[in-house]
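In this chain, residues are counted from 1 in sequence order.
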Amino acid sequence: MTNFIPPDVKNFVTWDYLVFAALFLISSGIGVFFAVKDRKKTTSGDFLVGGRQMTCGPVALSLTASFMSAVTVLGTPAEVYRHGSAFILFFIAYTFVIIFTSELFLPVFYRSGITSTYEYLELRFNKPVRIAATLIYIVQTILYTGVVVYAPALALNQVTGFNLWGSVFATGIVCTFYCTLGGLKAVVWTDAFQLVVMLTGFLTVLIQGTLKNGGFTNIWENAGNGSRLTIFDFDLDPLRRHTFWTIAVGGTFTWLGIYGVNQSTIQRCISCKTELHAKLALYLNLVGLWAILVCAVLCGLVMYSHFRSCDPWTAGFISAPDQLMPYFVMIIFSSTPGLPGLFVACAFSGTLSTVAASINALATVTSEDLVKNCFPDLSERVSTWISKGLCIVFGVICTSMAVAASLMGGVVQASLSIHGMCGGPMLGLFTLGIIFPWTTWKGACGGLLTGITLAFWVGIGAFVYPAPSSKSLPLHLSTAGCIANNTETVATMMPTVPPIRPHLADTWYSLSYLYYSAVGCLGCIMAGLLISFVTGPNKGEDIKPMLIRPICNVFCFWSHKCKTFWWCGVDQEDNKAFHEEFSNEQLKDLSEKADANNILKNGLNRAVHSHLPGYNPCEKSYTNPSVERESHF
């Protein structure tokens with residue numbers, strides 16, 4: 001069968017605009033609702049972490065929506081279309097990431113009672129480490145948000161003819177509006193609604209695309225004939241763009257930097273009313289990640305079946321691979337008004353959720369780590385208004401960054417490269433603090449600097465000297481069936497002299513982008529440990545046991561002597577004995593007495609820091625302070 005792909009597709013009609021506009025109106029309406037509902041709650045804790053009384057359901061939906069953005073909706077199907085189904089192996093990476101986050105990082109952050117994850121770095125090391133990490137996170141998030149704002153704007157421009165930057169501007173205004181009005185609660189509940197829109201859009205495309213292409217059996221057969229079903233490639237070459245190892249190992253490092261220590265994730269987890277709810281939110285979120293990954297991969301296979309004999313990108317019908325998905329949607333729904341608008345709403349849902357979460361997280365870390373450090377005596381009312389003002393500022397900055405994102409190439413690789421270059425060293429820094437008790441502040445600073453240097457060295461080098469096409473292995477795409485372009489045009493070009501490439505361009509700079517995070521993380525850990533031992537390792541007497549979670553608890557379970565050695569002098573038994581001796585009511589009384597003496601900060605009594613207040617022996621979980629108690633801190 002020959003597939004004729006017309007060079008022009010229809011633009012939006014009235015129904016499409018109505019469906020699309022409904023998304024913006026409902027999202028804004030949720031922000032207004034929570035602004036009115038919580039108008040009497042004026043503390044920054046209410047605004048930034050929802051009063052720490054959220055439940056696992058909406059938080060799980062919010063996490064899934066935020067990190068499965070338009071990058072996934074547009075980029076993943078295009079990746080599968082061009083490179084095959086190996087992308088499905090990310091389900092392995094997602095699984096390891098959620099396990100490590102919920103069992104290793106989350107308990108430390110949750111029990112610390114912190115609002116900003118970087119506050120942990122001051123408790124564990126010192127203030128300069130905290131400030132440095134905060135600034136790196138701000139840069140990382142602004143860059144990443146620029147990519148996810150630009151991606152759906154590109155889709156909208158392709159399918160409707162809307163002004164590209166007008167779309168970017170509209171996205172920024174809506175996100176900033178409901179984030180500023182409703183705070184974290186508005187972000188979480190809007191994300192939950194937007195996830196439903198995303199799944200509905202994906203399923204609609206899958207059903208219609210399958211019907212248009214002869215059923216799933218035919219699609220599967222076409223994908224197999226086109227080598228799109230080759231998943232397991234165990235080549236150990238780290239220069240290959242996607243293999244089993246780059247996705248399973250490199251993907252785990254990359255996404256662990258996104259999930260395990262990222263303020264946007266941890267902020268929503270610590271907003272849960274108990275640690276158990278926070279862990280459940282992460283595991284429920286894993287199911288959502290799997291579902292959207294499967295939908296995106298299947299959409300890529302359906303799209304390949306439709307375009308297998310006429311690739312619109314090679315034929316020149318579109319200008320970038322990331323436009324494949326919206327182009328495909330406008331073709332299969334050409335006679336169904338409203339459904340193209342649903343798909344574009346699907347892409348924008350991912351963007352709105354991601355951008356709103358990023359703006360909220362940026363406002364949180366700036367308020368907690370920078371503003372309150374400079375002005376510690378601010379009232380709660382002033383702190384809340386400053387947080388809202390920061391939401392507006394970062395909304396403008398993130399929207400403006402979309403201009404730079406237009407120069408970064410494919411949205412999937414661009415977004416994950418940013419996370420790898422910044423997130424990897426940050427992951428290494430938190431790992432040094434949590435897993436290795438002997439790490440000193442000097443080791444933390446040196447490790448962070450080393451990790452950032454290595455990650456940016458390879459990342460920027462790859463941008464300047466792109467890897468040879470032989471390592472990215474794009475699969476064959478045909479234009480033989482393009483009737484509108486069936487006469488091949490042979491371009492007469494003057495012979496060009498190949499650019500001079502340094503030796504590192506075909507080795508170090510050609511490293512798979514999924515390994516950027518691993519390079520930064522491992523470089524940070526190794527340098528940090530080395531510097532700590534050279535300058536004198538931390539003996540552990542001054543480290544609170546709630547700030548560390550040594551891995552020896554797993555690998556040295558048979559030997560109490562080994563555990564004691566690896567804890568480096570930290571009195572881990574004190575924590576255990578405390579919970580056996582005191583009930584939860586006694587813990588509350590102890591915290592209230594400490595509050596009366598004005599020595600309670602960030603939900604923790606520094607006089608009994610090692611005793612981890614908030615433990616509920618009946619639920620065998622840790623409970624966040626109530627809204628009333630938090631307002632006193």
Short question: side chain of [X], backbone of [Y] - any donor-acceptor pair under 3.5 Å?
X	Y	result
Ser271	Arg268	yes
Tyr94	Trp255	no
Arg124	Ile434	no
Arg549	Glu103	yes
Glu368	Ser116	no
Ser358	Thr145	no
Ser62	Pro58	no
Tyr516	Gly424	no
Ser379	Val382	yes
His277	Cys56	yes

Could you tell me whether the side chain of [Y] reaches within less than 4.5 Å of the side chain of [X], counting heavy atoms only?
X	Y	value
Leu256	Thr101	yes
Val205	Met325	yes
Leu121	Leu429	yes
Ile92	Leu89	yes
Trp290	Thr95	yes
Thr64	Val287	no

Distance check, rounded to the nearest 0.5 Å: [X] atom [atom1] versus [Y] atom [atom2]?
X	Y	atom1	atom2	answer
Met198	Ile292	CE	CD1	4.0 Å
Tyr120	Met546	OH	CE	9.0 Å
Thr431	Leu427	OG1	CG	4.0 Å
Phe109	Thr117	CZ	OG1	5.5 Å
Leu199	Cys295	CG	SG	6.0 Å
Ile397	Ile392	CD1	CD1	12.0 Å

For this session: List the steps, then state whether side chain to side chain contact (heavy atoms under 4.5 Å, CB included) holds for Ser387 with Thr366.
Result: CA-CA 8 Å; Ser387 298; Thr366 304; over 6 Å; no

Exercise. Hey, which of Leu63, Leu106, Val59 is the one that makes side-chain contact (heavy atoms from CB on, under 4.5 Å) with Thr265?
Worked result: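 Per the side-chain contact (heavy atoms from CB on, under 4.5 Å) rule, the option paired with Thr265 is Leu63, out of Leu63, Leu106, Val59.
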
Do [X] and [Y] have a side chain donor and acceptor closer than 3.5 Å?
X	Y	answer
Tyr283	Ser102	yes
Thr134	Arg130	no
Asn285	Tyr259	yes

Exercise. Should the pair Phe100 and Phe96 be assigned to parallel (<30°), tilted (30 to 60°) or perpendicular (>60°) ring geometry?
Worked result: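 Geometry flag for Phe96 against Phe100: parallel rings.
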
For this session: Please test Thr204 against Phe333 for side chain to side chain contact (heavy atoms under 4.5 Å, CB included), starting from the C-alpha separation and ending with a verdict.
Result: CA-CA 10 Å; Thr204 304; Phe333 291 131; 3.6 Å; yes

Problem set entry | ring pair (Phe, Tyr, Trp, His ring centres under 6.0 Å) evaluation trace for Tyr118 with Tyr137 | CA-CA 9 Å; Tyr118 308 103; Tyr137 171 76; 5.4 Å; yes

Exercise. Ser264 and Thr141: side chain to side chain contact (heavy atoms under 4.5 Å, CB included), yes or no, with the steps?
Worked result: CA-CA 9 Å; Ser264 184; Thr141 306; over 6 Å; no

Problem set entry | Nearest non-hydrogen partners of Pro340 and Val329, listed with the distance |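 In this case the closest contact between Pro340 and Val329 is CA-CG1, 4.1 Å.
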
Exercise. Checking side chain to side chain contact (heavy atoms under 4.5 Å, CB included) for the pair Leu547/Ser112: CA distance, chi angles, key distance, verdict?
Worked result: CA-CA 7 Å; Leu547 296 177; Ser112 300; 4.0 Å; yes

For this session: Show the numbers, then the answer: is there a ring pair (Phe, Tyr, Trp, His ring centres under 6.0 Å) between Phe328 and Phe343?
Result: CA-CA 11 Å; Phe328 173 63; Phe343 168 76; 9.1 Å; no

